[in-house]
Chemist: 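Structure provided below as structure tokens; questions to follow.
Note on naming: letters A, B, ... go to the chains in the order of the sequence lines (proteins, then strands), and numbering restarts at 1 for each one.
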Amino acid sequence: MKNEHFKIKEVLTLQPVDTEILVKGWVRTKRGNKNVAFVALNDGSTINNLQIVVEVSNFSEDLLKKITTGACIAAQGKIVKSMGQGQSVEMQALEIEVYGECDPEVYPLQKKGHTLEFLREIAHLRPRTNTFGAILRLRHAMSFAIHKYFNDNGFFYLHTPIITGSDAEGAGAMFQVTTLDLKNIPLNPDKSVNYEDDFFGKSTNLTVSGQLEGELGAMALGAIYTFGPTFRAENSNTPRHLAEFWMIEPEVAFYEIKDNMDLAEDFLKYLITYALENCEDDLKFLNEMYDKELIDRLKFVIENDFQRLTYTEGIKILEKADQKFEFPVFWGADLQSEHERYLVEKHFKRPVILTDYPKDIKAFYMKQNDDGKTVRAMDVLFPKIGEIIGGSQREESYEKLTQRVDELGIPQKDLWWYLETRKFGTAPHAGFGLGFERLLLFVSGMANIRDVIPFPRTPKNAEF
RNA sequence: UCCUCCUUAGCUCAGUCGGUUAGAGCAUCUGACUGUUAAUCAGAGGGUCCCAGGUUCAAGUCCUGGAGGGGGAGCCA
């Protein structure tokens with residue numbers, strides 16, 4: 001057998017030729033009769049299978065028995081015009097080698113459909129399903145498109161730290177990082193933990209955001225983005241939260257809130273367009289199997305402007321809404337899921353960018369408006385998944401920023417390096433965070449965030 | 001973390017008022033079929049009824065506690 005093998009994605013585009021080619025992959029199904037067997041082979045290069053036609057008389061019974069759902073094989077043969085419906089070409093097998101048998105009595109994946117809940121329990125095998133093949137290829141394509149978009153637009157990829165000594169990021173509970181012996185933790189006289197002998201000589205955690213360090217990069221490189229893992233130790237049990245997820249955070253010097261909105265909208269539309277143009281087969285499958293409106297919804301989003309309005313305008317609309325809300329609507333209240341959904345799904349029926357939130361419900365670093373009440377925050381709200389992006393113009397004034405830090409009781413000494421950017425050549429700047437898995441939820445039409453990441457980490461679940 | 005629903009064959013589920021030997025479809029296996037498309041047809045095998053207690057002559061079914069999962073909410077991306 002020759003060593004070079006073709007990807008099935010390529011083979012399916014070939015015209016029938018007289019030369020033999022070699023393919024390698026995993027068997028999805030085998031069916032047929034005494035004379036001929038049809039093996040559907042998938043190698044992950046595409047959602048589509050290559051049909052391998054096996055003349056039973058040309059192969060030993062022992063070999064044919066080993067070709068079962070899940071088995072890994074190599075097949076060599078000629079590509080011919082298919083006599084059956086459903087595919088234009090197929091392989092007439094001349095030689096087959098079985099790399100790995102797969103006992104059908106115990107292999108959990110069957111020819112029939114499985115629930116997503118069951119597949120989560122076998123996350124080591126679910127990449128072999130049509131659904132997760134499609135999701136993982138889509139995930140790759142979106143990752144690539146993110147880097148391409150930023151690279152093509154003059155952004156630099158900045159690697160912000162995963163282990164952070166800063167506990168002032170204020171974006172939720174953090175996972176501690178320590179090498180201290182948990183059975184014998186050194187204590188100070190006041191019973192607090194003494195971190196002097198810990199690896200870093202201080203308390204450290206996994207990052208909840210690369211933003212603060214991202215701002216440092218933007219103050220030198222002009223436009224940066226981060227794209228890395230992010231960790232939140234919140235006990236969140238929802239279809240929209242993970243303890244370990246990937247986040248994209250652009251940060252741009254000389255951007256104001258309007259530029260930030262333009263960037264967010266253009267970026268999201270670029271990514272969705274990229275998916276439609278490069279992942280057609282996978283999206284068609286997801287559209288057919290999970291969400292019949294998926295492709296129409298993706299097209300709608302790229303063809304229409306996002307609705308932009310201020311928090312204050314949003315509150316007015318909600319106050320006039322002919323709908324009872326569980327949570328009261330008033331100026332100063334944080335918007336609940338039901339409020340966001342009303343604006344996006346009922347009132348405007350399109351993505352919404354809300355800006356200028358009350359300062360008391362937003363983070364310390366956001367630029368304060370002249371009204372003294374609001375800050376230049378920006379949330380991008382999408383149908384079905386809610387908040388997909390959260391960002392803001394940043395407060396560039398040293399005086400205003402330190403005053404806000406003091407008001408909130410954050411120790412300035414913990415943020416000395418961040419505050420110095422406002423002391424030394426400060427500049428207006430803005431940025432946002434995009435949850436990568438939330439983007440994938442939207443682009444794939446999946447309903448649960450655990451189904452758009454290969455190995456989800458959630459409370460009480462770190463298997464695989 | 002709160003509310004709510006669920007857990008029975010490999011998978012998806014049914015199981016009446018607490019009653020005698022726990023069922024179906026699919027999957028698997030065996031057989032049939034000269035080109036199938038989640039092939040079809042016939043037959044067979046397959047059960048810790050989530051776990052631990054309790055009530056009862058009798059528990060898959062009722063009660064208590066626990067574990068795991070789904071949906072909703074909060075936190076957020």
Side-chain angles (χ1 to χ4, degrees), chain A residues 28-40 48-57 65 68-70 80-87 90 92 102-122 129-130 169-173 208-211 226 229-249 264 289 325-327 334-338 340-341 361-363 379-382 385-391 432-442 447-453 458-461 463:
Chain A
R28 285 296 171 78
T29 66
K30 184 176 74 169
R31 52 181 174 263
N33 54 45
K34 242 184 185 141
N35 302 288
V36 61
F38 300 94
V39 176
N48 300 306
N49 300 325
L50 176 64
Q51 172 153 287
I52 296 175
V53 183
V54 182
E55 295 292 338
V56 170
S57 57
K65 266 199 140 131
T68 59
T69 298
V80 299
K81 188 171 188 306
S82 180
M83 289 162 66
Q85 303 291 308
Q87 60 279 316
E90 62 192 15
Q92 198 73 43
C102 188
D103 183 353
E105 293 277 10
V106 290
Y107 185 55
L109 290 173
Q110 303 166 356
K111 295 182 196 180
K112 293 286 175 181
H114 289 294
T115 60
L116 295 168
E117 289 84 2
F118 173 67
L119 292 175
R120 275 174 220 149
E121 294 169 11
I122 51 166
T129 62
N130 284 333
E169 287 167 4
V208 293
S209 164
Q211 181 201 317
T226 73
T230 310
F231 307 88
R232 304 265 168 99
E234 297 288 351
N235 190 12
S236 297
N237 292 287
T238 84
R240 297 180 305 283
H241 290 86
L242 291 165
E244 176 184 292
F245 63 100
W246 290 67
M247 188 154 64
I248 300 103
E249 296 178 289
M289 299 298 289
F325 294 115
E326 190 186 339
F327 293 90
D334 211 348
L335 295 183
Q336 306 293 321
S337 289
E338 55 175 346
E340 295 177 349
R341 292 186 73 124
I361 59 173
K362 288 292 180 183
D379 283 1
V380 180
L381 310 177
F382 261 34
I385 54 173
E387 186 180 341
I388 192 170
I389 277 178
F432 59 79
L434 167 67
F436 184 51
E437 284 76 17
R438 291 206 178 157
L439 170 75
L440 283 170
L441 275 182
F442 185 76
N448 193 312
I449 202 162
R450 292 161 197 183
D451 298 327
V452 296
I453 188 167
T458 53
K460 300 277 190 286
N461 183 10
E463 193 69 48

Chemist: For the side chain of A:Thr458 and the backbone of A:Leu242, is there at least one donor-acceptor N/O pair under 3.5 Å apart?
Modeler: no
Chemist: Under the side-chain contact (heavy atoms from CB on, under 4.5 Å) criterion, do A:Arg438 and A:Phe245 qualify, and how do the steps go?
Modeler: CA-CA 10 Å; A:Arg438 291 206 178 157; A:Phe245 63 100; over 6 Å; no
Chemist: Taking atom CZ of A:Arg341 as the centre, report whether more than 12 heavy atoms of other residues, nucleotides or ligands fall under 6.0 Å from it.
Modeler: no
Chemist: Using side-chain heavy atoms (C-beta onward) and a distance below 4.5 Å, is A:Gln336 in contact with A:Glu326?
Modeler: no
Chemist: Expressed in whole Å, how much space separates the P atoms belonging to B:U36 and B:A14?
Modeler: 36 Å
Chemist: Grab the CD-C1' distance between A:Glu340 and B:G74 for me, whole Å please.
Modeler: 13 Å
Chemist: Please state the P separation for the pair B:G47 and B:C11 - nearest whole angstrom.
Modeler: 13 Å
Chemist: Which distance, rounded to the nearest 0.5 Å, do you find between the CD1 of A:Ile453 and the CD of A:Glu244?
Modeler: 6.0 Å
Chemist: Polar atom pairs between nucleotides 25-27 of chain B and protein, under 3.5 Å, N or O only, would you list them?
Modeler:
none

Chemist: Taking salt bridge (Lys or Arg N to Asp or Glu O under 4.0 Å) as the definition, give me every residue that meets it alongside A:Asp451, ordered by chain and number, with sequence neighbours left out.
Modeler: A:Arg120, A:Arg126
Chemist: In whole Å, measure the gap between the C1' atoms of B:G25 and B:G72 for me.
Modeler: 31 Å
Chemist: Is the distance from OP1 or OP2 of B:C75 to the nearest side-chain N or O of A:Ser236 less than 4.0 Å?
Modeler: no
Chemist: Among all residues two or more places apart in sequence or in another chain, which pass the side-chain hydrogen bond (donor to acceptor under 3.5 Å, both in side chains) test with A:Gln51?
Modeler: A:Glu90
Chemist: How far, in whole Å, is B:U30 from B:U7 if one measures between their P atoms?
Modeler: 34 Å
Chemist: Yes or no on side-chain contact (heavy atoms from CB on, under 4.5 Å) for A:Leu434 and A:Ile389, after CA distance, side-chain angles and deciding distance?
Modeler: CA-CA 5 Å; A:Leu434 167 67; A:Ile389 277 178; 3.6 Å; yes
Chemist: Can you list the residues that meet the side-chain hydrogen bond (donor to acceptor under 3.5 Å, both in side chains) rule with A:Thr29, with sequence neighbours excluded?
Modeler: A:Arg31
Chemist: Quick one: does A:Ile449's side chain get under 4.5 Å of A:Thr238's, heavy atoms only?
Modeler: no
Chemist: Would you say a side-chain N or O of A:Arg438 is under 4.0 Å from OP1 or OP2 of B:C76?
Modeler: no
Chemist: Quick one: does A:Glu55's side chain get under 4.5 Å of A:Gln92's, heavy atoms only?
Modeler: yes
Chemist: Of A:Thr458 and A:Glu387, whose nearest nucleotide on RNA chain B comes first from the 5' end?
Modeler: A:Thr458
Chemist: Within the 4.0 Å heavy-atom criterion, would you say A:Phe245 contacts the bases, only the backbone, or no part of the nucleic acid?
Modeler: base
Chemist: In terms of side-chain heavy atoms of A:Lys65, which of B:U30, B:C11, B:G68 is nearest?
Modeler: B:U30
Chemist: With rounding to whole Å, what would you report as the distance between B:A58 and B:G19 at their C1' atoms?
Modeler: 7 Å
Chemist: Kindly write out the residues that satisfy side-chain hydrogen bond (donor to acceptor under 3.5 Å, both in side chains) with A:Asn48, not counting sequence neighbours, or none if the list is empty.
Modeler: A:Thr46, A:Asp281
Chemist: Rounded off to whole Å, could you give me the CG-to-P distance for the A:Asp451 and B:G69 pair?
Modeler: 13 Å
Chemist: Calculate the interatomic distance between A:Ile122 atom CD1 and B:C11 atom C1'; express it in whole Å.
Modeler: 10 Å
Chemist: Just so I know, are the side chains of A:Thr68 and A:Cys102 near enough to count as touching, which here means a heavy-atom distance under 4.5 Å?
Modeler: yes
Chemist: Give every pair of a protein N or O atom and an N or O atom of nucleotides 33-36 of chain B that lie under 3.5 Å apart, one pair per line with the distance.
Modeler:
{"residue": "B:U34", "atom": "O4'", "partner": "A:Asn35", "partner atom": "ND2", "Å": "2.9"}
{"residue": "B:G35", "atom": "OP1", "partner": "A:Asn33", "partner atom": "ND2", "Å": "2.6"}
{"residue": "B:G35", "atom": "N1", "partner": "A:Glu90", "partner atom": "OE2", "Å": "2.8"}
{"residue": "B:G35", "atom": "N2", "partner": "A:Glu90", "partner atom": "OE1", "Å": "2.6"}
{"residue": "B:G35", "atom": "N2", "partner": "A:Glu90", "partner atom": "OE2", "Å": "2.8"}
{"residue": "B:U36", "atom": "O2'", "partner": "A:Arg31", "partner atom": "NE", "Å": "3.3"}
{"residue": "B:U36", "atom": "O2", "partner": "A:Arg31", "partner atom": "NE", "Å": "2.6"}
{"residue": "B:U36", "atom": "O2", "partner": "A:Arg31", "partner atom": "NH2", "Å": "3.3"}
{"residue": "B:U36", "atom": "N3", "partner": "A:Gln51", "partner atom": "OE1", "Å": "2.9"}
{"residue": "B:U36", "atom": "N3", "partner": "A:Gln51", "partner atom": "NE2", "Å": "2.9"}
{"residue": "B:U36", "atom": "O4", "partner": "A:Gln51", "partner atom": "NE2", "Å": "2.4"}
{"residue": "B:U36", "atom": "O4", "partner": "A:Gln87", "partner atom": "NE2", "Å": "3.3"}

Chemist: Indicate, with a heavy-atom threshold strictly under 4.0 Å, whether A:Leu242 touches base, sugar-phosphate, or nothing.
Modeler: base
Chemist: Please enumerate all residues that pass side-chain hydrogen bond (donor to acceptor under 3.5 Å, both in side chains) together with A:Asn237, with sequence neighbours excluded.
Modeler: A:Asn235
Chemist: Apply salt bridge (Lys or Arg N to Asp or Glu O under 4.0 Å) to A:Lys362 and list each qualifying residue two or more places apart in sequence or on a separate chain.
Modeler: A:Asp379
Chemist: Does A:Glu437 have any salt bridge (Lys or Arg N to Asp or Glu O under 4.0 Å) partners at least two apart in sequence or in another chain, and if so, which?
Modeler: A:Arg139
Chemist: Which one, B:U12, B:A77, B:U28, comes nearest to the side chain of A:Glu105?
Modeler: B:U28
Chemist: Which is more 5' along RNA chain B, the nucleotide nearest A:Glu121 or the one nearest A:Thr115? Just name the residue.
Modeler: A:Thr115
Chemist: Indicate whether OP1 or OP2 belonging to B:G70 is found under 4.0 Å from a side-chain N or O atom of A:Asn237.
Modeler: no
Chemist: Tell me what A:Ile388 touches on the nucleic acid: a base, only sugar-phosphate, or nothing, going by heavy atoms under 4.0 Å.
Modeler: sugar-phosphate
Chemist: Taking CD from A:Glu463 and P from B:G69, how many angstroms apart are they, rounded to a whole number?
Modeler: 11 Å
Chemist: What integer number of Å spans the P atoms of B:C62 and B:G18?
Modeler: 8 Å
Chemist: What residues form a side-chain contact (heavy atoms from CB on, under 4.5 Å) with A:Pro239, not counting sequence neighbours?
Modeler: A:Asn448
Chemist: Please answer whether B:A77 and A:Phe436 are stacked, defined here as ring centres separated by less than 5.5 Å and planes angled under 30°.
Modeler: no
Chemist: With a 4.0 Å cutoff (strictly under), does any side-chain N or O of A:Arg120 reach OP1 or OP2 of B:G68?
Modeler: no
Chemist: Whole angstroms only, please: what is the CG-P distance between A:Leu440 and B:A77?
Modeler: 17 Å
Chemist: What's the gap between B:A52 and B:A44 when it is taken at their P atoms, as a whole Å value?
Modeler: 34 Å
Chemist: Between B:U4 and B:C76, how many Å separate the two P atoms, rounded to a whole number?
Modeler: 25 Å
Chemist: Choose from B:G70, B:C76, B:G74 the nucleotide whose nearest atom is closest to any side-chain atom of A:Arg232.
Modeler: B:C76
Chemist: In whole angstrom, what separates A:Ile385's CD1 from B:G71's P?
Modeler: 15 Å
Chemist: For A:Arg450, which contact category applies under a 4.0 Å heavy-atom criterion: base, sugar-phosphate, or nothing?
Modeler: sugar-phosphate
Chemist: Toss me the dot-bracket line for RNA chain B: Watson-Crick and G-U wobble, both under 3.5 Å, 5' to 3', using | for pairs to another strand and [ ] for crossers.
Modeler: (((((((..((((.....[...)))).(((((.......))))).....(((((..]....))))))))))))....
Chemist: Give me the distances for all protein-to-nucleotides 47-51 of chain B N/O pairs that come in under 3.5 Å?
Modeler:
none

Chemist: Report yes if at least one side-chain N or O of A:Ser337 is closer than 4.0 Å to OP1 or OP2 of B:G74; otherwise report no.
Modeler: yes
